[in-house]
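Here the structure comes first, spelled out in structure tokens, and everything after it is commentary.
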Number of protein chains: 2
Amino acid sequence: MKPESRKQEIINAASILFTEKGYSAVTMRDLAKAMGIKAASLYNHIQSKQEILSTIIIDLAEEFTTGMNQIINSDVGSIQKLENIISLHVDVTLRNADGLGSLNSDWMHLEEENLIYFEKMRHDYEENFRNIVKKGVEKGEIKPYNIEIMVFSTLSTLRTLYLWYPNQKNIDSDILKRDMISVLLKGVV
Amino acid sequence: MKPESRKQEIINAASILFTEKGYSAVTMRDLAKAMGIKAASLYNHIQSKQEILSTIIIDLAEEFTTGMNQIINSDVGSIQKLENIISLHVDVTLRNADGLGSLNSDWMHLEEENLIYFEKMRHDYEENFRNIVKKGVEKGEIKPYNIEIMVFSTLSTLRTLYLWYPNQKNIDSDILKRDMISVLLKGVV
DNA sequence: GTCTATAATGGGATAGAC
DNA sequence: GTCTATCCCATTATAGAC
């Protein structure tokens with residue numbers, strides 16, 4: 001383990017607390033206590049509570065955006081693209097499960113530019129997902145069920161993986177991916 | 001429409017605000033403004049902010065618990081039971097989508113007895129769900145995928161229906177149920 | 001049933017010593 | 001890099017007039 005910067009330690013501690021109680025319910029005093037220091041000391045490393053939230057959320061959203069862009073630009077079939085999306089969500093969840101609570105439940109507390117930036121990334125992500133499913137249906141690779149329901153159902157499972165995964169003991173990443181692919185895709189394919 | 005009690009109007013307005021921003025981020029002033037009155041006036045109808053939250057959450061949780069009890073005590077096969085659970089979630093979502101945000105994201109802000117009561121109901125609900133799937137697998141009605149993944153995947157979709165449903169224009173309840181059953185069950189059956 | 005006024009507490013953030 | 005002390009403002013909730 002390389003030593004983390006103090007700022008990163010604060011962000012990691014905040015990720016856990018925000019996911020447990022939500023951004024608004026966590027005070028700078030709570031966060032300081034978790035770090036073993038006083039609230040005022042936090043401000044030597046971060047500018048504001050809002051900066052912590054936007055760092056957590058924007059970093060994760062950019063990770064998903066980058067992953068999705070690689071997938072849509074790759075030359076594989078629709079099913080393989082969906083499998084790669086599932087794999088992307090499993091990878092991000094295993095690497096940073098703590099931050100995903102903020103991404104899912106506290107994005108509306110982002111301020112001006114970051115809120116707009118986040119909402120655009122989320123919208124584009126869903127649109128890319130939807131287009132993959134649509135093309136798969138057109139090419140006969142995916143069953144012609146209601147597209148919105150297929151997109152919503154798959155995405156809501158992937159988005160809440162972080163709530164469930166920490167309760168599973170030592171589940172292997174590849175086994176998890178394989179089983180998620182079975183359960184999420186074998187129904188619609 | 002029969003006229004609602006002032007208390008019920010407050011709870012309805014709070015349900016919307018809590019789902020938009022979360023319990024902790026909504027102030028009594030916000031809620032009063034939405035009602036067109038002053039914050040102090042709210043206290044003629046409710047005892048505390050906490051009472052509003054617990055009313056919203058406990059009523060919904062009891063509705064799910066009652067529905068689940070009817071389903072597990074009915075004399076039908078595992079697949080039919082799962083279909084009835086999907087139907088239960090669609091019904092509750094269409095009737096009270098606004099309150100489901102609190103049930104999903106703000107239950108941890110319940111206080112002592114209500115928190116314990118809620119957690120027991122949620123635990124029992126998941127356990128009943130899991131047992132239906134287990135029995136279905138044993139009887140060969142459901143494919144032998146990882147049970148936890150099937151339970152988690154189905155439940156997370158049903159639990160977040162409220163986020164997605166209001167964006168769908170005029171979707172018919174029966175069509176929604178039929179399509180949810182196709183997408184969620186045809187993969188695992 | 002709603003209002004104004006206010007109590008009591010806790011929130012994010014800064015200044016300046018060590 | 002952390003501390004104590006403090007600022008200023010928002011919070012939930014109550015008292016009492018209308």
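Chain naming here is simple, since letters A, B, ... match the order of the sequence lines and numbering starts at 1 in each. Computed from a prediction, not measured in an experiment: that's the story for all the values here. Just the heavy atoms: all of them, side chains too, but no hydrogens, waters or symmetry mates, feed the values below.
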Original post:
Are any of the side-chain nitrogens in B:K135 or B:E138 under 4.0 Å away from the carboxylate oxygens of its partner?
Top reply: no
Subject >> Whole-Å gap separating C1' (C:dT14) and NZ (A:K49) >> reply: 18 Å
Original post:
Of the nucleotides D:dT4, C:dG12, D:dT12, which one has an atom closest to the side chain of B:M28?
Top reply: D:dT12
Original post:
For the pair made of CD1 in A:I37 and P in D:dT4, what is the distance, rounded to whole Å?
Top reply: 12 Å
**OP:** Could you tell me the separation between the CG atom of A:L31 and the P atom of C:dA13, rounded to a whole number of Å?
**Re:** 11 Å
Subject >> Length of the line joining A:Y43:OH and D:dC3:C1', which is rounded to integer Å >> reply: 15 Å
Subject >> Distance, rounded to the nearest Å, where A:E51 contributes CD and C:dG12 contributes P >> reply: 15 Å
**OP:** Answer with yes or no whether A:R6 presents, from its side chain, a donor or acceptor under 3.5 Å of a partner atom in the base of D:dG1.
**Re:** no
**OP:** Mind calculating the distance between CG (B:L53) and P (D:dT11) to the nearest angstrom?
**Re:** 17 Å
**OP:** To the nearest Å, give me how far apart NE2 (A:H45) and P (C:dA13) are.
**Re:** 15 Å
**OP:** Report the distance from atom NZ of A:K33 to atom P of C:dG10, rounded to the nearest whole Å.
**Re:** 12 Å
**OP:** Could you grab the distance from atom CD of A:E51 to atom CD1 of A:I11, nearest 0.5 Å is fine?
**Re:** 7.0 Å
Subject >> Salt bridge present between A:R178 and A:D174 (N-O < 4.0 angstrom) >> reply: no
